[in-house]
Amino acid sequence: MRVENVFPFFFIVQVAVSCPSPPIPEGALVQSSSVENGMKSLKYSCSMGTKVFGSLENHCKNDTWEEPDLICGRNVALYKETALGSRNFSSETMLVVDGAFNPDKSKYFCEKILYNQQNWAVDLGQAYPVLQMNIFTHKDSGLSKFIEVRIGNQSDSSSNQMCWFIQSMEPGGESRVQCSDTTVGRYVSLKFGNLQSPVYLCEVEVWTGSPFNKISDTAPSLHSCFGDQSMDRRIRMVGSSCVYVGTEMGKMNFKQAKSVCRSKGMSLVHLNTDSDLEAYEYIKNEMSKYSREQRMKLYVWTELNRVEGEWRWFGANSTMQRQPRHLTNLIVNEGSSYWGVGEPKGGDCMVLDSSMRMSWNAIGCMISGVVACQSPALYCTAPRVLQGRRFEGRNEEWYPHGTKLNYFCDTGKESAAGSFQGQDGGSVQGQDGGSVQGQDGGSVQGQDG
């Protein structure tokens with residue numbers, strides 16, 4: 001009897017991978033995707049200038065994507081006002097928050113911390129959830145010991161919650177600080193103890209962001225003034241507004257001043273709505289301080305013009321490339337308390353007049369004044385995308401204010417669609433079958449239908 005070896009046949013079956021459209025965190029893009037061993041995977045990317053917290057990878061298992069573990073963090077300390085020792089917060093020295101740390105540069109590009117000035121702090125402008133802080137010192141620093149890191153909403157840092165205690169920091173080193181819980185605060189401070197020799201503090205980064213499963217309510221950062229363009233260190237984020245104070249440009253007439261603001265996508269100083277007040281007050285205070293320091297009278301151009309006998313914000317000579325959010329109070333009563341004594345009279349343009357304690361003064365539009373610009377945040381981050389949805393045209397990390405994106409549900413899922421429209425530096429995701437307008441200085445996301 002002849003026995004033959006019998007080899008069984010194995011049939012390789014290619015199983016179709018059926019996964020819904022993937023979830024995408026706010027500000028992220030899908031960089032690449034692949035299928036291996038029947039499992040679909042993808043890799044995210046975050047925009048330039050942001051920092052990755054969590055994992056860039058995601059996987060689809062059993063026809064369902066994992067919840068993304070990714071935050072594209074933003075450094076909200078950039079170009080913010082700082083204070084050293086007993087000094088008040090000021091924008092005069094920003095060496096520690098200029099985003100330009102280079103370990104090969106001289107120690108004189110860093111802030112010198114002495115034994116009698118052991119406190120350093122940054123005012124973020126408003127409260128942010130702090131994910132992480134990165135602290136850099138120069139190689140020529142002395143040894144840093146017993147450093148208190150505090151975060152809170154009090155300008156007196158000793159009243160704020162202690163986030164971390166650094167036992168020691170080597171010269172030229174980097175310390176990464178993560179609070180035990182996500183701490184929210186406006187003021188971040190460092191208190192150096194037991195200094196035997198000067199410490200050269202070169203850079204402090206304060207990173208913020210929201211996890212995927214939390215509707216983002218984080219206020220816009222300075223990135224919302226530039227999007228993916230290079231930053232101008234002369235522009236600040238004040239509240240939810242972008243602000244530029246152009247004293248270095250000298251004096252100019254109204255037409256020239258509005259041209260400067262237009263080139264930046266901004267408008268001249270205005271106070272049309274309550275949301276403009278914080279930026280308006282900041283500009284007024286900065287110009288008052290500059291006038292005192294330079295011992296000179298200043299006229300600061302504004303958006304208020306006389307049109308057909310009425311004083312109007314954003315009148316016929318408006319620099320605005322888009323209309324204000326709320327078309328209310330465009331006409332200003334001549335009896336407004338903001339006018340200086342005896343005003344308005346004279347010309348058809350209004351300035352803040354330093355000789356009147358920055359009250360309003362009506363002057364001719366060809367007189368020389370200085371320029372200051374403000375605007376709502378100019379860019380919105382790409383919105384969060386929930387699993388099973390697709391945004392048409394969502395291929396950028398940043399979108400100009402007012403951009404509208406349509407979204408659709410996958411075939412076989414909910415038969416609904418809606419739209420997203422960015423407002424004031426937040427990101428907005430519409431609910432099924434409709435659209436949602438973003439609120440000032442925030443980020444709004446729709447819920448599952």
Side-chain angles (χ1 to χ4, degrees), residues 125-126 219-220 224-225 235-247 254-255 257-258 260-262 264-291 298-363 365 367 369-378 401 423-425 439-442:
Q126 54 192 301
S224 300
C225 297
I235 292 179
R236 307 272 190 275
M237 172 62 72
V238 179
S240 58
S241 298
C242 305
V243 168
Y244 167 73
V245 177
T247 50
F254 171 78
K255 185 176 180 180
K258 74 174 185 178
V260 170
C261 292
R262 185 186 293 273
K264 300 178 183 299
M266 304 168 76
S267 72
L268 289 168
V269 184
H270 54 275
L271 185 56
N272 176 57
T273 69
D274 290 343
S275 61
D276 299 325
L277 181 60
E278 191 171 358
Y280 172 87
E281 290 292 338
Y282 174 86
I283 292 171
K284 189 175 76 170
N285 293 336
E286 287 294 302
M287 288 299 190
S288 294
K289 183 171 66 175
Y290 182 79
S291 176
L298 282 185
Y299 289 150
V300 184
W301 292 112
T302 75
E303 277 285 358
L304 190 61
N305 306 141
R306 180 155 33 199
V307 181
E308 297 178 351
E310 293 181 317
W311 286 95
R312 291 176 174 267
W313 293 113
F314 316 110
N317 295 320
S318 172
T319 66
M320 289 293 281
Q321 295 178 339
R322 59 179 185 271
Q323 287 297 315
R325 295 177 298 279
H326 309 295
L327 299 179
T328 58
N329 302 322
L330 291 180
I331 299 176
V332 176
N333 193 311
E334 292 190 0
S336 170
S337 61
Y338 288 99
W339 288 108
V341 177
E343 295 296 330
K345 60 184 179 182
D348 294 330
C349 287
M350 188 273 277
V351 294
L352 306 181
D353 187 341
S354 64
S355 67
M356 295 182 173
R357 296 185 178 181
M358 289 299 170
S359 292
W360 297 355
N361 185 5
I363 66 172
C365 299
I367 293 176
V370 294
V371 60
C373 313
Q374 71 184 84
S375 74
L378 299 172
H401 175 282
Q423 294 271 349
D424 301 337
Q439 304 302 311
D440 291 346

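These numbers were taken from a predicted model, which means no experiment stands behind them.
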message = Between D353 (side chain only) and S355 (backbone N and O only), is there a donor and an acceptor less than 3.5 Å apart?
response = yes
remark   = Correct closest heavy-atom pair for T302 and F254 would be O-CE1, 3.5 Å
remark   = With sequence neighbours left out, the residues meeting side chain to side chain contact (heavy atoms under 4.5 Å, CB included) with A372 are V269, I283, M287, V300
request  = List for me each residue that meets side-chain hydrogen bond (donor to acceptor under 3.5 Å, both in side chains) alongside Y280, sequence neighbours excluded, and say none if there are none.
outcome  = W360
ask   = Any side-chain heavy-atom pair from V243 and E286 closer than 4.5 angstrom?
value = no
message = My understanding is that only one of H270, K258, M350 makes a side-chain contact (heavy atoms from CB on, under 4.5 Å) with E303; could you say which?
response = H270
request  = Check step by step if side-chain contact (heavy atoms from CB on, under 4.5 Å) holds for V260 and Y244.
outcome  = CA-CA 10 Å; V260 170; Y244 167 73; 4.2 Å; yes
query = Are any non-hydrogen side-chain atoms of S241 and E278 less than 4.5 angstrom apart?
reply = no
note = Taking every heavy atom of G265 against every heavy atom of L378, the minimum-distance pair comes out as O-CD2, 3.3 Å
message = In the structure I gave you, are the side-chain heavy atoms of L271 and W313 within less than 4.5 Å of one another anywhere?
response = yes
query = Which atom names give the shortest non-hydrogen contact between A377 and H401, and what distance separates them?
reply = O-CD2, 3.8 Å
remark   = Separation between CG (L304) and CH2 (W311), nearest 0.5 Å, reads 6.0 Å
Exercise: identify the closest heavy-atom pair between V371 and L268 = CG2-CD2, 3.9 Å
4.5 Å side-chain heavy-atom contact, C242 and Q374 = no
query = Y299 versus V370: any side-chain heavy-atom pair under 4.5 Å?
reply = no
request  = Kindly compute the distance separating OG (S375) from NZ (K264), expressed to the nearest 0.5 Å.
outcome  = 11.0 Å
ask   = Can you tell me if the gamma sulfurs of C373 and C261 fall under 2.5 Å?
value = yes
request  = Just grab all the side-chain hydrogen bond (donor to acceptor under 3.5 Å, both in side chains) pairs involving residues 336-352, residues at least two apart or on different chains.
outcome  = R306-D348
message = Run the side chain to side chain contact (heavy atoms under 4.5 Å, CB included) test against S359 and tell me which residues pass, sequence neighbours left out.
response = M356
key: Value rounded to 0.5 Å, distance of CG in N285 from CE in M358   = 9.0 Å
request  = Working to the nearest 0.5 Å, report the span between OG of S291 and CZ of R357.
outcome  = 12.5 Å
